[in-house]
Amino acid sequence: MAQLAINIGNLSLRNPVMTASGTFGYGLEFTDFIDLNRLGAYIVKGTTLLPRQGNDYPRMAETASGMLNCVGLQNKGVDYFCKEIYPQLKDFKSHAIVNVSGSTPEDYAECAARVAELEKIPAIELNISCPNVHDGGMAFGVSCAGAASVVKAVRAAYPKTLIVKLSPNVTDISEIARAVEAEGADSVSLINTLMGMSVDIERRKSNLSIGTGGLSGPCVKPIALRMVHQVAKAVKIPVIGLGGIMNAEDAIEFIMCGATAIQVGTANFIDPAVTMKIIDGMNDWCDQHGVKNIYEIIGVI
Amino acid sequence: MAQLAINIGNLSLRNPVMTASGTFGYGLEFTDFIDLNRLGAYIVKGTTLLPRQGNDYPRMAETASGMLNCVGLQNKGVDYFCKEIYPQLKDFKSHAIVNVSGSTPEDYAECAARVAELEKIPAIELNISCPNVHDGGMAFGVSCAGAASVVKAVRAAYPKTLIVKLSPNVTDISEIARAVEAEGADSVSLINTLMGMSVDIERRKSNLSIGTGGLSGPCVKPIALRMVHQVAKAVKIPVIGLGGIMNAEDAIEFIMCGATAIQVGTANFIDPAVTMKIIDGMNDWCDQHGVKNIYEIIGVI
Amino acid sequence: MKKYVKKLCVKNVEFLREDYILLRLSDPHDTLPEMLPGQFVQIAVEGSPATFLRRPISINFVDKEKNEFDLLIHAVGDGTRALTRLQEGNTLSCIYPLGNGFRIPPIDEGKKKFLLVGGGVGTAPMLLYGQCLKAAGHEPTFLLGGRSRRDILELERFENIGRTFVTTEDAGMGEKGFVTHHSIWQTETFDSVATCGPKPMMMAVGRMARARQTECFVSLENLMACGVGACLCCVEKTVKGNVCVCTEGPVFNINDLTWE
Amino acid sequence: MKKYVKKLCVKNVEFLREDYILLRLSDPHDTLPEMLPGQFVQIAVEGSPATFLRRPISINFVDKEKNEFDLLIHAVGDGTRALTRLQEGNTLSCIYPLGNGFRIPPIDEGKKKFLLVGGGVGTAPMLLYGQCLKAAGHEPTFLLGGRSRRDILELERFENIGRTFVTTEDAGMGEKGFVTHHSIWQTETFDSVATCGPKPMMMAVGRMARARQTECFVSLENLMACGVGACLCCVEKTVKGNVCVCTEGPVFNINDLTWE
Ligand SMILES: Cc1cc2nc3c(=O)[nH]c(=O)nc-3n(C[C@H](O)[C@H](O)[C@H](O)COP(=O)(O)OP(=O)(O)OC[C@H]3O[C@@H](n4cnc5c(N)ncnc54)[C@H](O)[C@@H]3O)c2cc1C
Ligand SMILES: Cc1cc2nc3c(=O)[nH]c(=O)nc-3n(C[C@H](O)[C@H](O)[C@H](O)COP(=O)(O)OP(=O)(O)OC[C@H]3O[C@@H](n4cnc5c(N)ncnc54)[C@H](O)[C@@H]3O)c2cc1C
Ligand SMILES: Cc1cc2nc3c(=O)[nH]c(=O)nc-3n(C[C@H](O)[C@H](O)[C@H](O)COP(=O)(O)O)c2cc1C
Ligand SMILES: Cc1cc2nc3c(=O)[nH]c(=O)nc-3n(C[C@H](O)[C@H](O)[C@H](O)COP(=O)(O)O)c2cc1C
Ligand code: FES
Ligand code: FES
């Protein structure tokens, strides 16, 4: 049994395997398939101050080795989360982390402040990289100033571990990473989805209601690995890597590129039990390769 | 028989199907499989003023629905092209277009000037987007100022049709497109490859000699479609779309997103006769859908 | 209801037409869970490079005694075509049973007459619904529509369960026209109507039912990624806002939908 | 030589070991083109989602009379594993014949003695080379190496063509050790040595040959994308700079390589 425990800010995780926001519901959707308690952490769906209906159907299109989505942050708002969902989550042994989104820095900060009051939520992940909403979302994540403004506001309102989720739709992701690090982020997670499109040539229309969507799945893994590698070299805070992870080997690729922890997203749709296999697989791989502690291989490339 | 002929600047192509630079050699490599004369145009490999050895082996890694390459512009220089290759190409009925690269704007301009002297080469494609070389290449293509500086220098030296190939590794590709349009580019082609990485966890090393490489193939198609759509709305010059095109339906997706012509890259490796099938397939599709002239569907989305 | 992700075993692949198969599955190790009509299975398709996500397929028929169940699959694209290449003895990863089923009222509320209207592969859930209604003591009547005779599948199985009427557009079988043209709408009344098939058909059936003040349930086939309520991709606009078809459906009372 | 992209027909799939197949292909419509030893085929693998590019496989044996040829395939990953699932009658898209072959000197320059050294699946091109050398009137001798007896494949076919020596690391067959330890190096001299297999083996064979001032040709297996000289991915550093293995190789005079 290799030592897989890692730290992100003040947060100790039993292993580096988390689930990605928007691909794992509130975790509760998966309790028939896996033991939530075994996860390093699970990040619940994008939450905003006020409820949102999200975008119209169709919201999804399959692509080569991946998918596009334009869900657009459908959620019942942070108060609903605090009242209805939190009580169902708080007794799991794994950390629940809330993915926070908004339209203005104040919005984000207010939402974060409400989550801060939830004793058993030790961290939030700030989503400044959603490509599927007009206001906020990716608009902040694609410039240093925008990213910094949100992180600054939230940092003032949120005392616990603050993870900032970065957009890959930028020229230089390490620059954005440094900007959010400078504003006090405890960690960065990357990548969110890449903005893409898919066309129905018979109907002469996009397959997605809003025209474009966010690309995820194994097709984006090469881009995600490159960005994780770049960012890990650029910042001192721990990096959480994701994008196309389907199995333990993929996870280890990210770790070797500099990720301290990883998230599993789209793979949950293909195999709802995949996270357990990844945890077991990482452990086996370490054992077979004489890796006693996962920190031995973080960033070896 | 639908009317597939299109114009790019002063250039008339019998159909919108071109081959992408670096994936089709000098065209001559494919004469056993296809009739070069049937192509709209073929773009020969990246050519620089002086010969280049390219990067070390390994230069390639397979990825989910795609591949990474870090060839790094290996070529024997523009003079070799003019002396040894051009005579072999000049009698084909399709247009041969030279993909020009360099390290400085002067470099590019000088290389372009030499190609300008070749009577039967009616156009060049300026590669300001190669992610696999340190000097020049993508360095120019990721900022408006950089892109403009190269185009300006080349425009002064090159009187024929000037296509500028854009990098997808940017926050806002339409901004770059507008910058090169303003400097007198006759057309933009996109996308070049996305910078990515691939890891051999056994050897704890990148699978590519220089660490990173350029991602191509169907995995990038959703991103390419989105960018073509964006750029087609942002500029008035014709857009040439590419990235993951494997068949006629893919080509029509790009056309509907606003591409006047398309290029076929990685697909040539999977099926060296694919371009003929795409031409025939586009023609059939138009006939079956009552499209008499390809211009009817350019940019309908 | 508890959901499972399991490797099921292919017991039989029967071609009903060159592009329709009846796929019989079984769990070699455990008793199959209870499956309600309208519920579906998310199938992982192997050996099809173009197919990344699972494919949702309705449960068509359950044989509890043999511990087997059937899926009726129409090969319309790469994923479903790959499923037609399955062979006896292959294993198939399935997440199931998913979604909510059609309602089966307790018989002590009174025996009820149901009209189950299916078009194309939308007949699939209707067979199991009829099977369950009959087992509960109700009276299911089937109305199946197609372009021609060859679109009417599993006819004998339907007839074994209840009266079965057919419409075809070319009059090759049953009455000529669409399902909504069938004379049964004029000659009989039903306590409940259920339908699954192409959206225009379901909308037309809904209008027929509404005109008769009969309740009407539809089974939707929205595009799905996860099938378990995690991705929010499969939403349908309802009077309560966007809801997930995979967890709050696929069966909906047509009054709850915002179809004009 | 003209290259073809063709759908060939699978005539036979023989398992030589659980992870090695001998795949027999034929062109159902045309006479096979001439194929030289060392040349290879680029195969499109179907039904393997992880396999995007074609896979290069050496030509192992040609039967002109039957219009058939063999490939020896070691299942090492998803692509080659998918090839082991091929069945008689399947079609397979192949680009071939690719690359340059081993040199076969005209017999009027004199009958020559060749030592053909193969390790693992690297024995594949050696069989055809021996076949062609013999047909041209030369004398091929084979030296095959493996870890144990089960690594020595197609032994009978080699023996039908020429003297065949074996080394195994566990002494289970032939002499114990690596190919370079075999006594033949001490007891005989050859006009030419050719080798294909793992790089350390080829390097060691190259050193043995050089020490004996014998010419030595190696067949390289660099990663390839296109196989036709278009992508420049397969390059090997040579005294003339980076050259494409797929067009200027895969056979190289070891003196032209920069292997120290
Ligand atoms: C709850 C549910 C139950 C279903 N039950 C059955 C069933 O019992 N039997 C059966 O054969 N099919 C059923 N379907 C539809 C089936 O899931 C699709 O036909 C299948 O996913 C198509 O996959 P493919 O790879 O073959 O085709 P693709 O290549 O993915 O698509 C082929 C064509 O079909 C269209 N298409 C794909 N999925 C859907 C969909 N869900 N709705 C409408 N159009 C679609 C695509 O837009 C495309 O035009 C059901 C769908 C749902 C959501
Ligand atoms: C000119 C040439 C001739 C060849 N002839 C034969 C032959 O006759 N029979 C045969 O079985 N194989 C031959 N090979 C090797 C064969 O092409 C690879 O084994 C095959 O491509 C692996 O594909 P895969 O999808 O099964 O494995 P992958 O999953 O792609 O790879 C599995 C493992 O093998 C390694 N690998 C893959 N390709 C190569 C390669 N070309 N060189 C070294 N390591 C590699 C990978 O790095 C990985 O570790 C030849 C290769 C070349 C270039
Ligand atoms: C359907 C769907 C919904 C998503 N919703 C969110 C979200 O609400 N907030 C967020 O930060 N990321 C969201 N994402 C992005 C994922 O968390 C993740 O960054 C991305 O999918 C890449 O990882 P993957 O390839 O493993 O899926 C969503 C992704 C998908 C596929
Ligand atoms: C092996 C390889 C070499 C390439 N070399 C060049 C090049 O020299 N110049 C250039 O502009 N683009 C080059 N490209 C990029 C392609 O022209 C094309 O932009 C990219 O591959 C996306 O298209 P595709 O997905 O159809 O391949 C190269 C791509 C590949 C795969
Ligand atoms: S398919 Fe994912 S929520 Fe319904
Ligand atoms: S494999 Fe493409 S040049 Fe050799």
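Numbered from 1 within each chain, the chains take letters A, B, ... in sequence-line order.
- Remark: A/K45 NZ to C/C231 SG distance equals 9.0 Å, nearest 0.5 Å.
- When A/P58, A/A64, A/P272 are compared by the number of non-hydrogen pairs under 4.5 Å with chain C, A/P272 comes out ahead.
- Only the backbone of A/T63 comes within less than 4.5 Å of a heavy atom of chain C; no side-chain atom from C-beta onward does.
- Atoms CG and CG, from A/L73 and C/L232 in turn, are 10.0 Å apart once rounded to the nearest 0.5 Å.
- With a 4.5 Å cut-off on non-hydrogen atoms, A/F30 touches chain C through its side chain but not through its backbone.
- Among the candidates A/G27, A/C70, A/G72, A/S65, the residue making the largest number of heavy-atom pairs closer than 4.5 Å to chain C is A/S65.
- Heavy-atom pairs under 4.5 Å with chain C were tallied for A/M67, A/M60, A/E29; the largest tally goes to A/M60.
- The distance from the CD atom of C/Q42 to the CZ atom of A/F269 is 10.5 Å, given to the nearest 0.5 Å.
- Between chain C and the residues A/T23, A/D32, A/N55, the most heavy-atom pairs under 4.5 angstrom are made by A/D32.
- Both the backbone and the side chain of C/L53 have a heavy atom closer than 4.5 Å to some heavy atom of chain A.
- Looking only at side-chain heavy atoms (C-beta outward), C/F52 and A/C219 stay at 4.5 Å or farther from each other.
- Both the backbone and the side chain of C/K3 come within contact range of chain A, each with at least one heavy atom under 4.5 Å from a heavy atom of that chain.
- Residue C/A225 touches chain A through both its backbone and its side chain, counting heavy-atom pairs closer than 4.5 Å.
- Of the two parts of A/F33, only the side chain, counted from C-beta on, holds a non-hydrogen atom closer than 4.5 Å to a non-hydrogen atom of chain C.
- Taking C/V5, C/V228, C/V235 one by one and counting their heavy-atom pairs under 4.5 Å with chain A, the maximum is reached by C/V235.
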Let's go through C/R54 and A/E62 carefully: what are the C-alpha distance in whole Å and the side-chain angles of both, what is the deciding distance for salt bridge (Lys or Arg N to Asp or Glu O under 4.0 Å) to 0.1 Å, and is it a yes or a no?
CA-CA 10 Å; C/R54 286 177 183 258; A/E62 198 176 38; over 6 Å; no

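- At a 4.5 Å heavy-atom cutoff, the contact between A/D56 and chain C is made by side-chain atoms alone.
- No side-chain heavy atom of A/R59 sits under 4.5 Å from any side-chain heavy atom of C/L223.
- Taking CD1 from A/I270 and SG from C/C226, the interatomic distance works out to 10.5 Å, rounded to the nearest 0.5 Å.
- With chain A as the partner, the residue from C/S93, C/A50, C/C234, C/A230 showing the most heavy-atom pairs under 4.5 Å is C/A230.
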